[in-house]
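Just so it is clear, the model here is predicted, and its values are computed rather than measured. The sequence lines fix the lettering, A, B, ..., with proteins before strands; numbering per chain opens at 1.
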There are 2 protein chains.
Amino acid sequence: MEDSAAPKRSVTVADVAKAARVSKATAARVLGGYGVVSAKIKDQVMAAAAALEYRPNELARSMSTGRSGIIGIVVGDIENAFFSLAVRGISDAARLAGFNVIISNSGEKLDAEKSAVDLLIGKRVDGLIVTPARCDSIDHLRHVGRAGMPLVLFDRSIPELDVDAVTGDDREAAIAAARFMVEAGHRHLAYVSAMDAEDGGFTDVARISNSAVRERVEGFVSVLTEAGLPNPLHYVRLGATDQPQTDDVIKRLLSDSSPPTAILASDSLVGLRVFKSLQSLGLSIPDDISMISFLDADWTSVTVPPITVVDQRVYEMGKLAGERLVARIEQIPLAVERLRVSTSLVIRSSVARIGGLGPKRDVN
Amino acid sequence: MEDSAAPKRSVTVADVAKAARVSKATAARVLGGYGVVSAKIKDQVMAAAAALEYRPNELARSMSTGRSGIIGIVVGDIENAFFSLAVRGISDAARLAGFNVIISNSGEKLDAEKSAVDLLIGKRVDGLIVTPARCDSIDHLRHVGRAGMPLVLFDRSIPELDVDAVTGDDREAAIAAARFMVEAGHRHLAYVSAMDAEDGGFTDVARISNSAVRERVEGFVSVLTEAGLPNPLHYVRLGATDQPQTDDVIKRLLSDSSPPTAILASDSLVGLRVFKSLQSLGLSIPDDISMISFLDADWTSVTVPPITVVDQRVYEMGKLAGERLVARIEQIPLAVERLRVSTSLVIRSSVARIGGLGPKRDVN
DNA sequence: TAACAAAAAGAGACCGGTCTCACGACATAT
DNA sequence: ATATGTCGTGAGACCGGTCTCTTTTTGTTA
């Protein structure tokens with residue numbers, strides 16, 4: 001019963017110093033690993049520290065040094081494979097440089113994002129990586145720089161903000177995916193995203209507040225336009241935030257007078273929901289309808305048919321963001337830039353060639 | 001250019017006090033929201049704080065109060081859906097109680113776990129939730145209590161440690177799954193886990209250092225024994241830590257003189273690897289071989305056939321662990337206990353009835 | 001052995017909050 | 001008019017480290 005929940009005051013350098021019969025300053029030097037001390041005294045202090053089970057109070061330490069050794073991450077949703085992979089990339093880069101990581105979830109809600117950023121600033125992290133939910137509300141992000149800590153944007157960029165960003169090449173990725181479908185003979189393509197729609201309906205591309213989504217839509221639209229397909233925005237749908245919503249989106253899409261024959265899903269969660277929707281409707285992929293999903297999630301390779309995906313190299317994105325932030329923290333002089341990680345199309349079997357010619361499988 | 005990367009000293013209560021022409025103590029009272037101040041002075045201070053863009057230094061705050069308002073989590077692998085779901089459960093419970101969360105990854109490595117725990121103790125978190133990689137090395141966990149902070153074990157329990165634990169009912173779950181297979185006529189059942197094997201081979205159930213895995217194996221074995229099946233440990237295999245390893249495990253399993261006809265996978269990652277292995281071997285599920293996986297992961301419902309799984313209610317587990325820790329932090333008097341969250345079998349179509357009778361589908 | 005430099009140890013300010021205690025002003029009781 | 005109490009404010013210690021500056025010890029050289 002000797003080590004119960006007693007809120008005993010913890011052992012400090014002063015305690016160790018007293019036990020080792022040296023001054024606080026000297027004990028602090030050996031415990032903190034700075035300055036010079038003779039080997040004899042050092043052993044003496046170490047022994048005392050071990051006997052007392054001293055463990056440093058990192059709080060106090062970072063208060064006087066001004067460095068906490070931790071970097072803060074604010075992600076949209078850790079449960080999303082995209083973010084958990086990214087977090088691992090960031091963590092790996094951070095750990096390599098001797099930093100630890102504290103993660104906060106915004107749930108893609110602006111309010112939660114704001115308070116997470118504030119909290120992290122308050123905790124005096126050494127730097128911040130944020131996936132901004134919207135690019136039109138950036139005051140809280142300005143605070144970061146004003147508090148003197150570096151910020152790296154992840155997955156989405158905000159030109160108005162003079163900070164580094166790591167993103168995928170979303171426009172090119174969407175172009176590659178859309179073009180692949182068009183070349184397979186598709187004439188009616190839909191784009192489905194989970195982003196909250198402002199008011200249910202979809203209005204203006206330029207006003208999409210998430211840069212990744214906007215660029216993808218722009219790329220998507222540009223392909224349709226260039227292919228001379230009419231009304232390229234007609235099948236762009238937002239709001240597939242959960243299964244019922246997605247079912248609804250898909251149903252409305254398919255009840256169109258000339259329904260789409262191919263769907264591009266903007267992330268693996270949306271992709272999975274679309275797949276389930278289609279499946280529950282008794283539709284067969286790719287015979288009845290084709291699809292491509294962003295992100296090479298684990299489920300995409302074990303379905304029948306396996307899904308053609310845009311491989312985003314998320315781990316690399318995370319690693320890059322982590323490295324960039326570390327470089328900023330260490331004051332390495334670097335121009336502010338937007339780093340893009342290239343994507344590639346992983347062709348599997350979820351896109352049919354239509355128009356009567358060729359096999360009903362992915363073209364390559 | 002006025003708010004560049006200048007490492008400007010941040011605004012403190014003293015600064016605000018000076019600007020508001022009051023004492024530091026008074027400014028601190030309104031900024032910290034404690035004590036009593038007249039409405040007039042309060043407004044005055046608030047205005048000054050706003051003008052100066054004051055934001056509290058949480059580090060300093062927690063140093064004097066002794067509370068950080070954050071709880072630490074050490075998980076095995078955030079990328080594993082099991083843990084990311086659990087983390088969400090914990091976070092939700094924590095946020096509700098006004099706590100924030102800091103997550104560390106151990107990668108199921110004891111060393112990483114130790115240093116993560118040490119780091120978190122150093123950061124003076126208010127409490128800790130840990131998924132211990134092994135139950136036979138617990139010194140670092142003892143430190144937690146000794147440092148005066150509550151600890152809750154997650155997913156795995158350690159009887160030697162007098163602390164709360166939240167786990168699934170692993171033994172019962174394994175029994176239900178194994179019994180389901182036995183009742184479907186299977187006589188040769190395999191159990192495959194990702195846990196690192198001590199030396200490649202498998203020796204003694206009682207010596208499995210992970211309580212969740214051990215209980216599952218025990219449950220599994222008890223069913224085979226009770227059914228009068230010989231050599232129940234024969235097909236228990238550890239070490240399916242990645243795809244090549246799993247391929248190897250499966251190959252060795254199937255080249256046995258009387259190969260298993262059904263496999264129980266101990267988590268969704270192993271399950272997916274097993275599925276892929278089987279698929280790459282050209283084996284059809286459930287006609288050639290049956291399988292059940294732990295955890296109702298998203299991929300399990302979209303494969304052909306959909307996989308019968310043990311639904312672990314991980315979110316609830318996380319929530320419970322979070323709530324328990326919060327209660328401990330708030331010193332609510334509670335007996336130390338092991339909370340078990342019940343599981344259920346979700347029957348889909350990956351287990352065939354064998355022995356010639358009935359359809360080759362899951363029995364229910 | 002005295003003189004001096006260099007190394008080792010000590011004293012104490014500091015980081016930015018919280019919080020106890022002391023003090024003055026004013027209201028109420030006697 | 002004096003004693004008692006309450007309220008609002010100020011002064012300053014404190015949390016547990018780091019780090020600068022000063023003092024003491026040690027070692028080298030003349």
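Between R124(A) atom CZ and dC15(C) atom P there is a gap of 13 Å when expressed in whole angstrom units. Remark: C1' of dC15(C) and CZ of R67(A) are 16 Å apart, rounded to the nearest angstrom. If you take CD1 of I121(B) and C1' of dG16(D), they are 17 Å apart, rounded to a whole angstrom. Put simply, CG on L59(A) is 12 Å from C1' on dC15(C), counting in whole angstrom units. Here dT9(D) presents its P atom at 16 Å from CZ of R21(B), a figure rounded to the nearest Å. When rounded to the nearest whole Å, the span between CE of M63(B) and C1' of dC15(D) equals 5 Å.
Under the rule for a salt bridge (charged side-chain N to carboxylate O under 4.0 Å, His left out), D77(A) has no partner lying at least two apart in sequence or in another chain. Here N80(B) pairs with nothing under the side chain to side chain donor-acceptor pair (under 3.5 Å) rule; sequence neighbours left out. With sequence neighbours left out, the side chain to side chain donor-acceptor pair (under 3.5 Å) criterion links N100(B) to no other residue. Not a single side chain to side chain donor-acceptor pair (under 3.5 Å) links T65(B) to another residue, sequence neighbours left out. Every residue two or more places apart in sequence or in another chain that forms a side chain to side chain donor-acceptor pair (under 3.5 Å) with D118(B) is listed here: R55(A).
Distance alone, capped at 3.5 Å, places no donor-acceptor pair between the D126(B) side chain and the I71(B) backbone. A donor-acceptor pair under 3.5 Å is absent between the side-chain atoms of D92(B) and the main chain of G89(B), judged by distance alone. The backbone N or O of A165(B) sits nowhere less than 3.5 Å from a side-chain atom of R324(B) that would complete a donor-acceptor pair.
Two end axes, each from the C1' atoms of five base pairs, can be drawn for the helix from dT1(C)-dA30(D) to dT30(C)-dA1(D); they diverge by 50°, to 10 degrees.
Between E316(A) and K319(A) there is no salt bridge, since none of the side-chain N atoms of the basic residue sits less than 4.0 Å from a carboxylate O of the acidic one.
Side-chain nitrogen and oxygen atoms of T26(B) include none within less than 4.0 Å of the OP1 or OP2 phosphate oxygen of dT9(D). Listed pair S62(B) / dG17(C) fails the phosphate criterion, with no side-chain N or O lying under 4.0 Å from OP1 or OP2. For dG10(D), the OP1/OP2 oxygens have a side-chain nitrogen or oxygen of S23(B) closer than 4.0 Å.
Taking the side chain as every heavy atom from C-beta outward, Y54(B) and V13(B) approach each other to under 4.5 Å.
The shortest heavy-atom contact between K123(A) and L59(B) is O-CD1, 3.2 Å. Taking every heavy atom of both residues into account, C135(A) and I158(A) meet most closely at CB-CG1, 3.6 Å.
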What pairs of donor and acceptor atoms, side-chain ones from residues 32-51 of chain A against any protein atom, are under 3.5 angstrom apart with sequence neighbours left out?
{"from": "S38(A)", "atom 1": "OG", "to": "I41(A)", "atom 2": "N", "distance (Å)": "3.4"}
{"from": "Q44(A)", "atom 1": "NE2", "to": "A20(A)", "atom 2": "O", "distance (Å)": "2.9"}

Let me have the donor-acceptor pairs involving side chains of residues 103-116 of chain B, under 3.5 Å, with sequence neighbours excluded, atom names and distances please.
{"from": "N105(B)", "atom 1": "OD1", "to": "I78(B)", "atom 2": "N", "distance (Å)": "2.9"}
{"from": "S106(B)", "atom 1": "OG", "to": "V75(B)", "atom 2": "O", "distance (Å)": "3.2"}
{"from": "S106(B)", "atom 1": "OG", "to": "E108(B)", "atom 2": "N", "distance (Å)": "3.0"}
{"from": "E108(B)", "atom 1": "OE1", "to": "R156(B)", "atom 2": "NH1", "distance (Å)": "3.0"}
{"from": "E108(B)", "atom 1": "OE2", "to": "R156(B)", "atom 2": "NH2", "distance (Å)": "2.9"}
{"from": "E113(B)", "atom 1": "OE1", "to": "A133(B)", "atom 2": "N", "distance (Å)": "2.7"}
{"from": "E113(B)", "atom 1": "OE2", "to": "H140(B)", "atom 2": "NE2", "distance (Å)": "2.8"}
{"from": "S115(B)", "atom 1": "OG", "to": "A112(B)", "atom 2": "O", "distance (Å)": "3.3"}

Restricting to nitrogen or oxygen on both sides, can you table the protein-nucleotides 18-20 of chain C pairs closer than 3.5 Å?
{"from": "dT18(C)", "atom 1": "OP1", "to": "R61(B)", "atom 2": "NE", "distance (Å)": "2.9"}
{"from": "dT18(C)", "atom 1": "O4'", "to": "S64(B)", "atom 2": "OG", "distance (Å)": "2.9"}

Any protein N or O atoms within reach of nucleotides 4-7 of chain D? Criterion: under 3.5 Å, listing atom names and distances.
none

Tabulate protein N/O versus nucleotide N/O from nucleotides 23-27 of chain D, keeping only pairs under 3.5 Å, one per line.
none

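Sorted by residue number, the list of members of residues 40-52 of chain A with any non-hydrogen atom under 4.0 Å from DNA chain D is empty.
More than 12 heavy atoms of other residues, nucleotides or ligands sit less than 6.0 Å from atom CZ of R338(B).
Across all strands, V11(A) comes closer than 4.0 Å only to sugar-phosphate atoms, never to a base (heavy-atom distances).
Considering CG of L325(B) and CG of L128(B), their distance stands at 8.0 Å, rounded to 0.5 Å.
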